[in-house]
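So the structure is just underneath, and the comments pick up after that.
Note on naming: letters A, B, ... go to the chains in the order of the sequence lines (proteins, then strands), and numbering restarts at 1 for each one. Basis for what follows: all heavy atoms, side chains included, without hydrogens, waters or symmetry-related copies.
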Amino acid sequence: MEKVRVRFAPSPTGPLHIGGVRSALFNYLLAKQTGGTFILRIEDTDLERSSRESEENIKDSLRWLGIDWDEGVDVGGPYGPYRQTERLELYQEYVDRLLETGHAYRCYCTEDELEEQRQALLAKGEMPRYLGNCRDLTPEQEEAYRKEGRKPVIRFRVPEGENIVVDDLVRGQVAFESDGIGDFIIVKSDGLPTYNYAVVIDDALMKISHVIRAEEHLSNTPRQLLIYRALGLAEPVFAHISLILGKDRTKMSKRHGSTSVVQYKEQGYLPEALVNFLALLGWSPEGEEEIFSMEELCRQFSLDRVAKNPAVFDLDKLNWLNGYYIRQTPVERITEMAIPYLIKEGYLPETLTPEDREQASKIVAAVQGYLPYVGAVVDHVQIFFADEIKPENEEAAAVLKEEQVPQVVELFAAKVKGAEELETGSVKKLLKETSKELKLKGRQVFMPIRVALTGQMHGPELHDIIPILGKEKVLQRLSQTTGLSLS
RNA sequence: GGCCCGUUGGUCAAGCGGUUAAGACACCGGCCUUUCACGCCGGCAACAGGGGUUCGAAUCCCCUACGGGUCACCA
């Protein structure tokens with residue numbers, strides 16, 4: 001088998017989309033597993049919408065996810081440049097050939113004229129399409145148009161009555177009739193190539209072996225094939241992967257919530273969880289394991305286990321998977337991720353002392369198991385910072401009124417006061433002793449203390465909470481919420 | 001509308017002519033536990049419909065329905 005060369009070719013018109021990531025990922029995985037090359041090319045021929053900022057965003061996102069490219073923008077390579085606007089002479093060269101061989105021609109119709117034509121067809125109840133007005137202009141006619149100052153576009157002359165078969169690795173053979181394709185534009189009036197044209201030249205010159213891209217490109221493929229053939233260029237193998245849909249089963253867009261990678265990054269998703277999740281969207285492993293590192297994905301990935309049907313993006317599953325990864329990740333890393341959220345919420349100062357970090361780490365350890373994404377940390381830590389504790393509801397208030405409460409609180413407070421230092425192990429012991437000495441069931445001891453300290457019926461382990469609060473705060477809260485003087 | 005792709009539980013999905021139709025998320029129940037979460041155990045729940053082909057169809061063919069994509073001087 002020839003060497004695998006695959007590419008991800010986004011247009012820098014916005015932040016990297018979740019669907020784009022999956023295309024990039026599948027390409028990357030195929031490259032890595034075969035020892036092939038993964039290329040990043042930027043398709044920036046839409047001057048209006050392309051921006052350098054978007055390009056940077058896309059590259060940052062890819063790097064963050066661990067999808068690194070072997071060849072392409074920034075890193076270079078033997079087939080550069082890797083930005084389409086820097087490859088204009090190349091496109092020119094092949095356009096000249098197409099023009100000479102009659103596979104392409106100049107069209108002088110203005111957008112207004114075409115619009116008019118479209119409306120006329122629509123009015124007659126016919127399908128709007130290009131009628132081929134300029135297909136066979138004489139040199140004189142062309143000259144006349146040019147004198148008018150018209151700027152031509154270049155159209156590809158689509159042959160009639162041809163059957164074009166796309167051999168697709170995930171869909172099998174898909175046939176199209178050339179008659180259903182109008183002469184399409186390959187060079188815009190501003191001289192820049194269109195997608196359908198540039199993509200062919202680039203893929204061919206960059207010796208791309210497999211074009212793995214979203215299904216929305218499937219209907220464009222016959223046009224591209226026509227260009228390959230007109231130019232006698234070697235064709236790559238195609239693989240069109242299905243789209244990612246939103247909850248309403250239409251192509252995922254902003255309406256469906258977060259669609260760009262940065263949004264997930266900002267919410268505190270782990271890149272490895274996102275990669276794992278996206279890999280499972282449209283591809284399925286052979287066994288029953290669903291947790292995969294990038295390395296494992298590289299080993300297991302296979303194009304023939306890629307599904308044909310579109311997949312709905314399931315945020316619940318992503319959250320579960322991400323939460324799972326968070327639980328598996330060392331507390332140090334989650335703490336580093338959590339700190340910015342805690343600062344933003346005003347729980348931590350802008351500049352942290354070593355003690356602040358230590359405290360943050362303990363807090364994160366206590367709530368790590370609750371987080372679907374790290375940003376959710378702020379929803380679980382009010383109990384550590386609140387100035388005043390109040391029972392969250394009547395049920396909690398009732399707990400504080402149970403008859404054993406005074407003795408429980410007094411005894412426990414005394415133990416806390418007398419303790420050398422409060423840490424998980426010693427607190428566990430104090431709690432045990434309290435319940436033993438009073439001959440009370442765990443619940444009768446733990447719940448009042450929990451409510452007295454946090455106001456909540458639920459939350460992290462008491463032996464995690466208490467050392468974080470510290471002796472002073474514990475005593476203060478116990479007396480404040482129960483109204484007992486604990487001197 | 002033309003062309004193209006698709007349709008297995010609420011969601012992701014396995015299955016590639018003979019299975020009690022996997023597994024995961026979600027949901028429900030139980031266990032564990034000082035609570036919740038985690039974890040463990042169990043449960044609910046699907047082949048879009050209709051015709052063929054075949055001894056036998058989720059699997060192959062046709063039709064219908066539904067969903068999506070594409071028909072740009074966007075990619």
Side-chain angles (χ1 to χ4, degrees), chain A residues 9-13 43-46 48-50 84 107 109-111 114 118 125-130 151-155 166 168 170-172 174-177 179-182 184-196 198-199 213-223 240 242-243 245 247-251 277 280-291 305 307-321 323-324 327 367-371 380 399 431-432 435 441-451 454 456-463:
Chain A
S11 65
T13 54
E43 310 215 328
D44 57 350
T45 54
D46 184 346
E48 292 283 303
R49 300 196 300 148
S50 295
Q84 290 188 325
C107 169
C109 297
T110 64
E111 292 195 60
L114 291 174
R118 206 166 327 194
E126 288 182 46
M127 283 316 298
R129 69 209 125 95
Y130 178 69
K151 283 244 187 267
V153 300
I154 298 175
R155 285 182 188 271
V166 178
D168 193 285
V170 350
R171 269 147 229 288
V174 184
F176 296 85
E177 293 301 326
D179 294 352
I181 305 171
F184 55 95
I185 294 174
I186 58 175
V187 176
K188 304 182 260 186
S189 56
D190 63 5
L192 290 178
T194 58
Y195 165 72
N196 278 128
V199 74
R213 68 210 333 182
E215 190 192 345
E216 52 190 331
H217 293 290
L218 182 56
S219 342
N220 279 321
T221 310
R223 292 180 177 75
H240 288 94
S242 59
L243 299 174
L245 309 180
K247 271 228 174 314
D248 61 357
R249 305 204 73 95
T250 62
K251 191 166 143 183
F277 175 71
L280 258 17
L281 219 50
W283 169 79
S284 63
E286 275 187 59
E288 289 189 347
E289 185 59 45
E290 295 209 328
I291 307 293
R305 294 193 67 84
K308 299 193 214 333
N309 52 308
V312 172
F313 186 89
D314 182 5
L315 188 59
D316 279 336
K317 185 151 184 178
L318 205 214
N319 283 154
W320 167 78
L321 195 60
Y324 176 84
R327 274 171 249 131
V367 303
Q368 186 168 4
Y370 292 84
L371 309 177
H380 296 271
V399 166
L431 287 163
K432 264 249 152 51
S435 107
K441 294 186 58 170
R443 190 191 175 282
Q444 296 174 290
V445 171
F446 283 82
M447 276 321 276
I449 295 177
R450 171 179 298 284
V451 174
T454 68
Q456 310 285 311
M457 293 291 288
H458 310 298
E461 304 283 357
L462 278 183
H463 56 242

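Nearest nucleotide to the A:K188 side chain, out of B:U34, B:G23, B:A75: B:A75. Of all nucleotides listed (B:C73, B:G68, B:U34), B:G68 comes nearest to the side chain of A:T250. Comparing atom distances between the A:V174 side chain and each of B:C73, B:C5, B:G23 picks out B:C5 as nearest. Closest approach to the A:H458 side chain among B:C3, B:C36, B:A75 is made by B:C36 (side chain taken as heavy atoms from C-beta onward).
Looking at which nucleotide of RNA chain B each of A:E216 and A:G442 is closest to, the 5′-most match is held by A:G442.
Between A:T250 and A:D248, the side chains place a donor N or O and an acceptor N or O closer than 3.5 Å (distance only, hydrogens not considered).
Listed by chain and number, the residues in a side chain to side chain donor-acceptor pair (under 3.5 Å) with A:E43 are A:R41, A:Q84 (sequence neighbours excluded). Here A:K317 pairs with A:E290 under the salt bridge (Lys or Arg N to Asp or Glu O under 4.0 Å) rule; sequence neighbours left out. Qualifying side chain to side chain donor-acceptor pair (under 3.5 Å) partners for A:N220, counting only residues two or more places apart in sequence or in other chains: none. Partners of A:D314 according to the salt bridge (Lys or Arg N to Asp or Glu O under 4.0 Å) rule, which considers only residues two or more places apart in sequence or in another chain, do not exist here. For A:E216, the side chain to side chain donor-acceptor pair (under 3.5 Å) partners two or more places apart in sequence, or in a different chain, are A:K251. Residues satisfying the salt bridge (Lys or Arg N to Asp or Glu O under 4.0 Å) test with A:R155, not counting sequence neighbours, are none. Applying the side chain to side chain donor-acceptor pair (under 3.5 Å) rule to A:Y370 yields no partners; only residues at least two apart in sequence or on another chain are considered. Not counting sequence neighbours, A:D190 has no partner by the salt bridge (Lys or Arg N to Asp or Glu O under 4.0 Å) test. A:R305 is linked by a side chain to side chain contact (heavy atoms under 4.5 Å, CB included) to A:W283, A:S284, A:E286, A:S302, counting only residues two or more places apart in sequence or in another chain.
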Original post:
Where along nucleotides 7-13 of chain B does protein come under 4.0 Å, by heavy atom, of base (B) or sugar-phosphate alone (S), with - for untouched nucleotides?
Top reply: S---BBS
Subject >> Nucleic acid footprint by protein, nucleotides 37-45 of chain B - heavy-atom cut-off 4.0 Å, B for base, S for sugar-phosphate alone >> reply: SSS------
Subject >> Base-pairing string, 5' to 3', of RNA chain B - Watson-Crick or wobble, under 3.5 Å, | interstrand >> reply: ((((((((.[[[..)..(....]]].(((((.......)))))....[[[[[..)....]]]]])))))))....
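At a cut-off of 3.5 angstrom, the base of B:C73 holds at least one donor-acceptor pair with the side chain of A:S189.
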